[in-house]
Amino acid sequence: MIDYRGWRHTFKLDPDKTIGDEALEALCESGTDAIIVGGTYGVTYDNTLELMARVRRYAVPAVLEISSLDAVVPGFDAYFIPLVLNAGDPDWIFAPHVSGLKAYGSYIHWEEIFTEGYLIANPEASVAQLTKARPIADSDEAKAYAQVAANICRLPIVYVEYSGTYGDPELVRACRAGAEGAHLFYGGGIRTPQQAAEMAAIADTVVVGNVIYDDLQAALATVAAVKGVQKQR
Ligand code: 1GP
């Protein structure tokens, strides 16, 4: 069974985007701790299955972050289930989870399931539009959201999602303080080793996504940058 608590760096691959075999090999063999498969739009059973089969040729752990009930593919090492803490549309809080359990409840291996308290901090991100994410007023509010996830809901993971833009380290630090006892993922807009190192000093795990498809070498360089940094506690 995987243990994400030791992970410092992950790549997030979008099944709706194209990645060549050589690039995929470079990512999987880069020394990253895991590959997360996930996306907001255009994620289907077929493109998720295809990507999983390709990633499975390598030893790196593979996790599916579920965003569509039509694309729940068996065979991953683990499944991350987002619970959108600041969803403005309540249908994005528990409705999909209830539908998923009605459909697949008896097949679930609960030891492979980890819930992410997902805080969407970039209002321009596709996932923010989809879930009608409420804006986060300031770092104090972000900290309170993290506390709701970690202390009220007792979720194992808090994920600060800035998808598409580089985040505010102060806000991420506030989430780190609020998410005491939970594992903190940071993702969003990392394009340089400096950015990767800055967020790795705050978060437990750094997630690198979009830059993979724009500049593979820049993406690969984030692995060493993250591994070279100690968390500041
Ligand atoms: C997206 O948090 C990840 O879900 C990573 O964000 O694609 O902006 O790197 P980027």
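Note that the numbering runs from 1 along the sequence shown for the chain. Atoms within a ligand are numbered from 1 in the order they appear, just like the ligands themselves. Keep in mind that the numbers below use all heavy atoms, side chains included, and drop hydrogens, waters and symmetry copies.
Which parts of ligand 1 touch Ser163 is read off a 4.0 Å heavy-atom cut-off, strictly below it: atoms 1 (C), 6 (O), 8 (O). Every atom of ligand 1 is numbered from 1 in the order shown, and the set under 4.0 Å from a heavy atom of Asn210 is 7 (O), 8 (O), 9 (O), 10 (P). Atom numbering of ligand 1 starts at 1 in the shown order; those under 4.0 Å from a heavy atom of Gly189 are 8 (O), 9 (O), 10 (P).
Around the CD atom of Glu22, the shell of radius 6.0 Å holds no more than 12 heavy atoms that belong to other residues, nucleotides or ligands. Surrounding NZ of Lys227 are more than 12 heavy atoms belonging to other residues, nucleotides or ligands, all under 6.0 Å away. By the neighbour-count criterion of 12 heavy atoms within 6.0 Å, atom CD of Glu29 is densely surrounded, having more than that number from other residues, nucleotides or ligands.
For ligand 1, the polar-atom distance check against Val211 finds no nitrogen or oxygen pair separated by under 3.5 Å. The N/O atoms of Thr165, backbone and side chain alike, include none that comes under 3.5 Å of an N/O atom in ligand 1. In terms of polar-atom proximity, Val207 is not counted as a contact of ligand 1, lacking any N or O under 3.5 Å from an N or O of the ligand.
Residue contact check for ligand 1: Tyr159 places a non-hydrogen atom closer than 4.0 Å to it.
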Could you pull out all donor-acceptor pairs under 3.5 Å where a side-chain atom in residues 81-98 meets a protein atom, sequence neighbours excluded?
residue, atom, partner, partner atom, Å
Asn86, OD1, Ile120, N, 3.0
Asn86, ND2, Ile120, O, 2.8
Asn86, ND2, Arg134, O, 2.9
Asp89, OD1, Asp91, N, 2.9
Trp92, NE1, Leu130, O, 3.3
His97, ND1, Ile93, O, 2.8
His97, NE2, Pro82, O, 3.0

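Residue contacts with ligand 1, taken as heavy atom pairs separated by less than 4.0 Å, do not involve Tyr213 at all.
Here atom 1 (C) of ligand 1 lies nearest to Glu161 when heavy atoms of Glu161, Glu65, Arg191 are compared.
Hydrophobic clustering (ILVMFWY, side-chain heavy atoms < 4.5 Å, transitive): Val229 and Val226 are in distinct clusters.
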Full working for ring-ring contact (aromatic ring centres under 6.0 Å, His included) between Phe185 and Phe80: CA-CA 12 Å; Phe185 280 76; Phe80 285 177; 5.7 Å; yes
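Of the protein's non-hydrogen atoms, the one nearest atom 9 (O) of ligand 1 is Gly209 N, 2.9 Å.
Between Asp204 and Lys231 there is a salt bridge, since at least one side-chain N of the basic residue sits less than 4.0 Å from a carboxylate O of the acidic one.
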